[in-house]
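Each chain gets a letter, A, B and so on, in the order its sequence line appears, and its residues count up from 1.
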There are 2 protein chains.
Amino acid sequence: MKPITIADVAKHAGVSKSTVSQYLNQRYDYMGEKTKKRIEQTIEELGYRPNIIARSLKQKSTMTIGVIVANILHVFSTQVIRAIEDFCNESNFHIIVCNADDDPMKEKRYIEMLRAKQVDGIIAFPTGGNVELYKGLIKVNYPVVFMDRILPEVEIPTVLLDNEKASLLAVDQLLKNGYKKIGMIAPPLSPYVTPRLERISGYKKALQQHDIPFNPNYLISSEIFELEAKINHMLTMADPPEALVALNDRVLIEILKYTKEQQINIPGDLALVGIDEVSFASFYSPALTTVAQPAFQMGKKAAELLLNRIRDKDTDDFSKIYRFEPDLIKRESC
Amino acid sequence: MKPITIADVAKHAGVSKSTVSQYLNQRYDYMGEKTKKRIEQTIEELGYRPNIIARSLKQKSTMTIGVIVANILHVFSTQVIRAIEDFCNESNFHIIVCNADDDPMKEKRYIEMLRAKQVDGIIAFPTGGNVELYKGLIKVNYPVVFMDRILPEVEIPTVLLDNEKASLLAVDQLLKNGYKKIGMIAPPLSPYVTPRLERISGYKKALQQHDIPFNPNYLISSEIFELEAKINHMLTMADPPEALVALNDRVLIEILKYTKEQQINIPGDLALVGIDEVSFASFYSPALTTVAQPAFQMGKKAAELLLNRIRDKDTDDFSKIYRFEPDLIKRESC
DNA sequence: CTGAAAGCGCTTACAG
DNA sequence: CTGAAAGCGCTTACAG
């Protein structure tokens, strides 16, 4: 069962391939009404479907983009992807999704494969390990947009949260409720994971703004699996914090595991606010006060930037940073 | 900046395009060692990267598959996609992901676009609204695998949970803990959403096995937004159920919202087990007893089936149903 | 061991 | 208003 090609419909309709092609591309300007009808009918009859691969080869556009996330299982990434897909769908673009797992080698391989497949552009949560590769991409004016992480060495438009503001909102909320001894729990600090860096500096700045000295004992930054032990240590030392901000959703969960285990009463014994909204925030006991990021808007923005770049190679938005506002959702944990 | 083509490297290396192509495809059999070296070097020098689109056109294989889910935001779908991506990555396949939103029109559009883009196969959570389309796909022997939902009209291999067993595990656990008045809360019953149908029938069968008459008042099936009200009605009627099984994660959340609001003590006032594992199950208070589905294994299986079909068009696995075993995770809510 | 030529299924000036 | 021809960047018999 040979697939039908443009040549088949041309033959059947008694016209040339060119004319069929004109029809397919809706260039009806000079086309006779009868020819048009005839082609339309033949296509219907033969069940012809254009081969977009062939078109892509000629037109140098595949109408598909690559999206490289660290891990699609992170809910933020999922939401961003969903927003990107929705936006792309409106413009008839498709997305190829890739999980780089924060591994620069994997990231590199994906980028190279995506380019080989001629995707029209890439949206990436960069690992930080492929600066030269990205520089090469800029040099050939290849459309790329970064999400969530800034690579200062590289001039690529980036959309991310105002992470310092997120910490500020969290700390302010705690202060407003009378807590002064505020700790922060964080995952390990990798140099390129911008949100972690900025959220910590935001935490420090927020304290400073209120003339509260930063107490190094109140800051934990550690691998997830060690977190519970370190939290225990922190909360059982002399003069422990009376409130905690969780740097992200992953950390929040570790805190919650710990407090459940130790039957610590929130907010009675310990106030808590988490950066990143979580699915269970509203019906947890107590309902969790969180700082949410507008993931869908951010994904949409990234898609918009990329498609604009694809359509108009000469935009000048390079190296622009697009910051989005976090949103404090007050509930019961503080 | 013209991209480098195979013709450029052929010229620079002083060989023919054919030879370069042989090199690229690692057919070194008859290639002189010097030629090989020379080509290798030229490629390096020019920074040549093959255009896979051109290759695809000739070879009729794009090394990419389409994945159509209802909504990537559902955690089950996310996990399945992650597993598919991992499996495909090992075989150098890429995945295009699409959200059909349970809309047959959207599904249809995606299928047609994916085929036009010549993807080598499709894994879909079918909506049920495109039976004829899928029949057409089988007729031309196009590789398709279904996930999660069965379309009885269509002979396509399908991987899904043993949903009846899932209900059975939930009910048994409740019975084992002495509860006899067991209700089930469900979302609306659409004809093609297999898991819902099977989980309800599983619930009924489980009761029957234990000679407990099915009480229609103990079964709610309703839109999510009405669920709280209906649960309230059920639990405040005369002789209410003393235990509930949540048909899926979405429903579980509604139950939890309700019980938190009404300060219902779980399992004291009401025992609870949810089908579908949820992220917060272990640190919720009480920790939630759930029935988990092996999402990653299921995704992997679907990918495996599809890639096998793509490689060997003549496998005979049509219409096979691949059932996966649910797993009861005992915690505190029952 | 290597090259010339045809072909994959389209699009696009260009000619008439 | 429509067609012949070249070309997109590869691969693949086939010839030598």
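Separating the CG atom of A:Leu24 from the C1' atom of C:dT12 is a distance of 14 Å, rounded to the nearest angstrom. Separating the CD atom of B:Gln59 from the C1' atom of D:dT11 is a distance of 7 Å, rounded to the nearest angstrom. Going from atom NZ of A:Lys58 over to atom C1' of D:dA5 covers 11 Å, rounded to whole Å. One atom, CZ of B:Arg49, and another, P of D:dG9, lie 16 Å apart when rounded to the nearest Å. One atom, NZ of B:Lys34, and another, C1' of C:dC1, lie 9 Å apart when rounded to the nearest Å. Between the NZ atom of A:Lys60 and the C1' atom of D:dC10 there is a distance of 11 Å, rounded to whole Å. Per the geometry, CD1 belonging to A:Ile53 stands 14 Å off P belonging to D:dC10, to the nearest Å. Rounded to whole angstrom, the span from the CG atom of B:Leu57 across to the P atom of C:dC10 amounts to 9 Å.
Under the Watson-Crick or G-U wobble criterion, with both distances below 3.5 Å, D:dA4 has no partner in any strand shown. Across all strands shown, nothing is found opposite D:dA13 as a Watson-Crick or G-U wobble partner with both distances under 3.5 Å.
Side-chain polar atoms of B:Ser16 and B:Thr19 form a donor-acceptor pair below 3.5 angstrom.
Residue pairs meeting the side-chain hydrogen bond (donor to acceptor under 3.5 Å, both in side chains) criterion with at least one member in residues 66-78 of chain A, sequence neighbours excluded, are A:Asn71-B:Arg82.
Closest approach of A:Gly121 to A:Tyr142, counting heavy atoms only: N-OH, 3.5 Å. Scanning both residues, B:Leu161 and B:Arg323, for their nearest heavy atoms gives O-NH1, 2.8 Å. The heavy-atom pair separating B:Ala295 from B:Gln79 by the smallest distance is CB-OE1, 3.2 Å. Closest heavy-atom contact between A:Ile150 and A:Tyr192: O-CD2, 4.2 Å.
Heavy-atom distances under 4.0 Å link DNA chain C to no residue of residues 36-47 of chain B. Contacts between residues 7-21 of chain B and DNA chain C, defined by a heavy-atom separation under 4.0 Å, are made by B:Gly14, B:Val15, B:Ser16, B:Ser18, B:Thr19.
Side chain of B:Lys106 to main chain of B:Cys98: no donor-acceptor pair is present (N/O by atom type, distance under 3.5 Å, no hydrogens or angles). Judged purely by atom type and a 3.5 angstrom limit, A:Asn99 uses its side chain to pair as donor or acceptor with the backbone of A:Ile72.
In this structure, A:Asp102 pairs ionically with A:Arg149, as a charged nitrogen and a carboxylate oxygen lie closer than 4.0 Å. We find that B:Glu112 and B:Arg115 are not joined by a salt bridge, their nearest charged nitrogen and carboxylate oxygen being 4.0 Å or further apart.
Among the heavy atoms of the strands lying under 4.0 Å from A:Tyr48 are primed sugar atoms or P, OP1, OP2 only; no base atom is included.
For A:Arg55, whose side chain is taken as the heavy atoms from C-beta onward, the closest listed nucleotide among C:dT11, C:dG9, D:dT11 is C:dT11. Proximity note for B:Thr35 (side chain, C-beta onward) versus D:dT12, C:dT2, C:dG9: the nearest is C:dT2. With D:dT12, C:dC1, D:dC10 as the choices, the nucleotide that has an atom nearest any side-chain atom of B:Ala54 turns out to be D:dC10.
Between A:Gln118 and the phosphate of D:dG9, there is no side-chain N or O to OP1/OP2 separation shorter than 4.0 Å. At the phosphate of D:dC1, neither OP1 nor OP2 sits under 4.0 Å from any side-chain N or O atom of A:Gln22. At the phosphate of C:dC8, neither OP1 nor OP2 sits under 4.0 Å from any side-chain N or O atom of A:Asn51.
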